[in-house]
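What follows is a set of notes on a single structure, which appears directly below.
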Amino acid sequence: MFALVDCNNFYASCERVFNPALEQRPVVVLSNNDGCIIARSEEAKALGIEMGTPEFKCREFLREHNVAIFSSNYALYGDMSARVMTTLGELAPSIEIYSIDESFLDLTGFGRFDLEEFGRMVGKKVRQYTGIPVSIGIGPTKTLAKVANRLAKKTAGYNGICLLDSHKTIREALERTPVSGVWGIGRRWSHRLEQRGITTALGFSQVPATWVRKEMHLTGAKVQAELQGQSCLPLEEVQPSKKSICTSRSFGRNVRERDELAEAVSTFAARGAEKLRKAGSLASTVTVFAGTSPFEEPLRQYWATRTLTLLEPSQDTILLTAAADRLLDELFRPGYTYRKAGVLYSGLLPAGGSGANLSLFSETQGTRDPRHEKLMQVMDNLNRTYGRGTVRLAGESMEAWKPVQEHRSPCYTTRWSDIIEVKG
DNA sequence: TCTGGGGTCCTAGGACCC
DNA sequence: TCTGGGGTCCTAGGACCC
């Protein structure tokens, strides 16, 4: 059996933990640049506020209904997530951290234990230790645990816990779940299924397997098997190392000049290199992309991507930033209003491992330099101690893409200066 | 005026090998 | 007229997740 523990309205709940005046009040959290609504408290959902609504389209409505608005504060959410996951890790033999607000627990060996009772205990402890409310779904496969979790959230009277442990309870649950609500069935697939008259998870579980395999490939076949109670997705306790690391942003304002765009790209390249070093990875390829807003009129739209393979895999900010700048040169077209850019590192290899090929032409410019390695260590240490951006390349700048954040809450758990009034 | 960021997996098709 | 069989690697694009 698997349990899926999911934090309720996670970002909104994080804001509430440190601001009890928000209890009972509708709360929304906005995406970067205060663009869209990405989290809503129950009260906000009850007002009919949809996920993903652009803030500017509902500004009046939010004011009228006294909705508390927050810019996203990932330092806070990340830290609160770690607290929740630590708590869960102490309550179950093994845990897979699936996302910032969800974990699967392995309940193998719980035998005749009352799983519902266990779930209630878990929910109570997490609430007590962190202040975050959670919902818990339990089932014989991960996908069924997801189904159960969804019902636990949506059904009044379940008290945030739903256990699927018999043929009958599973069948009823699948009947009550729309096919679009199944984990792994997104918008496209659910639309296609609905067109064929398949509207519920139960209906999908009964479609001939050959059809599913042909039309929805291996991925769809696994979802179906899991709904039928056959576990195909194991608990992944150790997170597989990342295959790519991406740093990208939409800009807080219009960017038209190459130099300005270059500042943004350099900043993303450097931030990405920092992530590489933290992960202990080397990048083999660098991709740069940039473009206009997708809401721009068609003739004024431009979107471009360029990739290069490095002579040697690297995690060196100086080298990677130079590579990103060259790629930007190739893709930049004057005359457009750029609204987004990013840098993607892929072909990641473990640093210090034997997997990295050395360049045949090691004197060539752009290969490994031990002095740079030392410099990167020093930069990382300084930036860790005194805050990001304390030491950086001259080409980096926050200006072009400085995010709009008009409603950010204090970093209650990670930044003293946010919560202590400095006198004198 | 104003619309997020960061990932994964799978498949098809092209280039290339013997 | 008529032109094999078996494989790998890479990339782009489409689907999905939070």
Side-chain angles (χ1 to χ4, degrees), chain A residues 4-7 9-11 28-39 50-60 62 69-74 77-78 81 96-104 142-143 146 149-150 179-193 212-223 226 232-233 236 239-254 268 271-272 275 279 284-285 287 289 291-297 301 303 305-309 337 339-348 401 403-406:
Chain A
L4 175 64
V5 184
D6 191 326
C7 301
N9 318 323
F10 183 53
Y11 297 169
V28 298
V29 179
L30 305 176
S31 64
N32 257 356
N33 286 315
D34 292 346
C36 302
I37 290 171
I38 54 167
E50 293 291 322
M51 188 74 164
T53 311
E55 184 269 346
F56 74 89
K57 285 191 179 172
C58 58
R59 196 168 294 160
E60 281 308 306
L62 297 178
I69 304 170
F70 291 91
S71 303
S72 33
N73 182 346
Y74 288 103
Y77 311 150
S81 170
E96 171 187 341
I97 298 171
Y98 176 67
S99 75
I100 194 164
D101 70 337
E102 284 174 66
S103 271
F104 287 101
K142 281 173 148 187
T143 308
K146 274 274 197 183
N149 187 282
R150 189 179 160 282
V179 72
S180 59
V182 175
W183 187 42
I185 311 268
R187 259 210 335 264
R188 295 293 171 95
W189 289 126
S190 52
H191 187 68
R192 285 181 59 182
L193 288 165
V212 176
R213 183 64 184 82
K214 183 158 171 285
E215 297 294 321
M216 300 175 66
H217 316 294
L218 185 59
T219 325
K222 280 188 183 175
V223 174
E226 285 246 322
C232 305
L233 306 170
E236 292 183 33
Q239 275 172 306
S241 48
K242 283 193 180 132
K243 298 181 172 174
S244 62
I245 286 180
C246 180
T247 309
S248 76
R249 290 288 181 283
S250 295
F251 304 139
R253 60 184 174 82
N254 293 337
F268 302 151
R271 176 78 192 102
K275 292 184 193 173
S284 309
T285 66
T287 300
F289 52 88
T292 53
S293 160
F295 304 98
E296 184 71 271
E297 18 172 322
Q301 284 206 23
W303 185 257
T305 302
R306 291 287 185 284
T307 300
L308 70 74
T309 300
T337 303
R339 290 296 299 203
K340 181 173 179 160
V343 174
L344 173 74
Y345 295 131
S346 47
L348 302 192
W401 58 280
V404 179
Q405 280 200 324
E406 295 193 359

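Protein chains get the first letters and strands the later ones, always in sequence-line order, with residue 1 at the start of each.
Nearer the 5' end of DNA chain B, as judged by each residue's closest nucleotide, is the contact made by A/G35, out of A/G35 and A/R213. The residue among A/F295 and A/L218 whose nearest nucleotide of DNA chain B lies closer to the 5′ end is A/F295.
Distances shorter than 4.0 Å separate none of the side-chain N or O atoms of A/S31 from OP1 or OP2 on B/dT3. At the phosphate of B/dG4, neither OP1 nor OP2 sits under 4.0 Å from any side-chain N or O atom of A/N33. Residue A/K242 places none of its side-chain N or O atoms closer than 4.0 Å to OP1 or OP2 of B/dG6. Phosphate contact (OP1/OP2 of B/dG5, side-chain N/O of A/S250, threshold under 4.0 Å): present. Contact between the side-chain N/O atoms of A/K340 and the OP1/OP2 oxygens of B/dT3 is not found at any separation under 4.0 Å. Between A/R253 and B/dT1 there is no side-chain N or O to OP1 or OP2 distance below 4.0 Å.
Look at A/K142 and A/E96 and you find a salt bridge, because one of the NZ, NE, NH1 or NH2 atoms lies within 4.0 Å of a carboxylate O, short of that distance. The pair A/E50-A/K57 does not count as a salt bridge, with every side-chain nitrogen at least 4.0 angstrom from each carboxylate oxygen.
Per the geometry, OH belonging to A/Y77 stands 15 Å off P belonging to B/dG5, to the nearest Å. Between the OH atom of A/Y11 and the P atom of B/dG5 there is a distance of 12 Å, given to the nearest Å. One interatomic measurement links the two molecules: CG of A/L344 to C1' of B/dG7, which rounds to 10 Å at whole-angstrom precision. Regarding A/D34, its CG atom lies at a distance of 12 Å from the P atom of B/dG5, rounded to whole Å.
Nearest to the side chain of A/S244, among B/dT8, B/dC2, B/dT3, sits B/dT8.
Taken from CD1 in A/I100 to OH in A/Y77, the straight-line distance is 9.5 Å, to the nearest 0.5 Å.
Checked by atom type and distance alone, the side chain of A/E55 never pairs as donor or acceptor with a backbone atom of A/L30 at under 3.5 Å.
The shortest side-chain heavy-atom distance between A/L193 and A/M216 falls under the 4.5 Å cut-off.
Considering only residues two or more places apart in sequence or on other chains, A/R192 meets the salt bridge (Lys or Arg N to Asp or Glu O under 4.0 Å) condition with A/E215. With sequence neighbours left out, A/K275 forms a side-chain hydrogen bond (donor to acceptor under 3.5 Å, both in side chains) with A/T247. Every salt bridge (Lys or Arg N to Asp or Glu O under 4.0 Å) that A/D6 has, sequence neighbours left out, goes to A/K153. Listed by chain and number, the residues in a salt bridge (Lys or Arg N to Asp or Glu O under 4.0 Å) with A/R306 are A/E330 (sequence neighbours excluded).
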| said: Let me check I have this right: for DNA chain B, each base becomes ., (, ), [, ] or |, based on Watson-Crick or G-U pairs with both distances under 3.5 Å. What is the full string? | reply: ....||||||||||||||
| query | What does nucleotides 9-18 of chain C look like as a protein-contact string, B for base, S for sugar-phosphate only, - for none, at under 4.0 angstrom between heavy atoms? | reply | ------SSSS
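Nucleotides C/dC18 and B/dT3 are separated by 25 Å at their P atoms, to the nearest Å.
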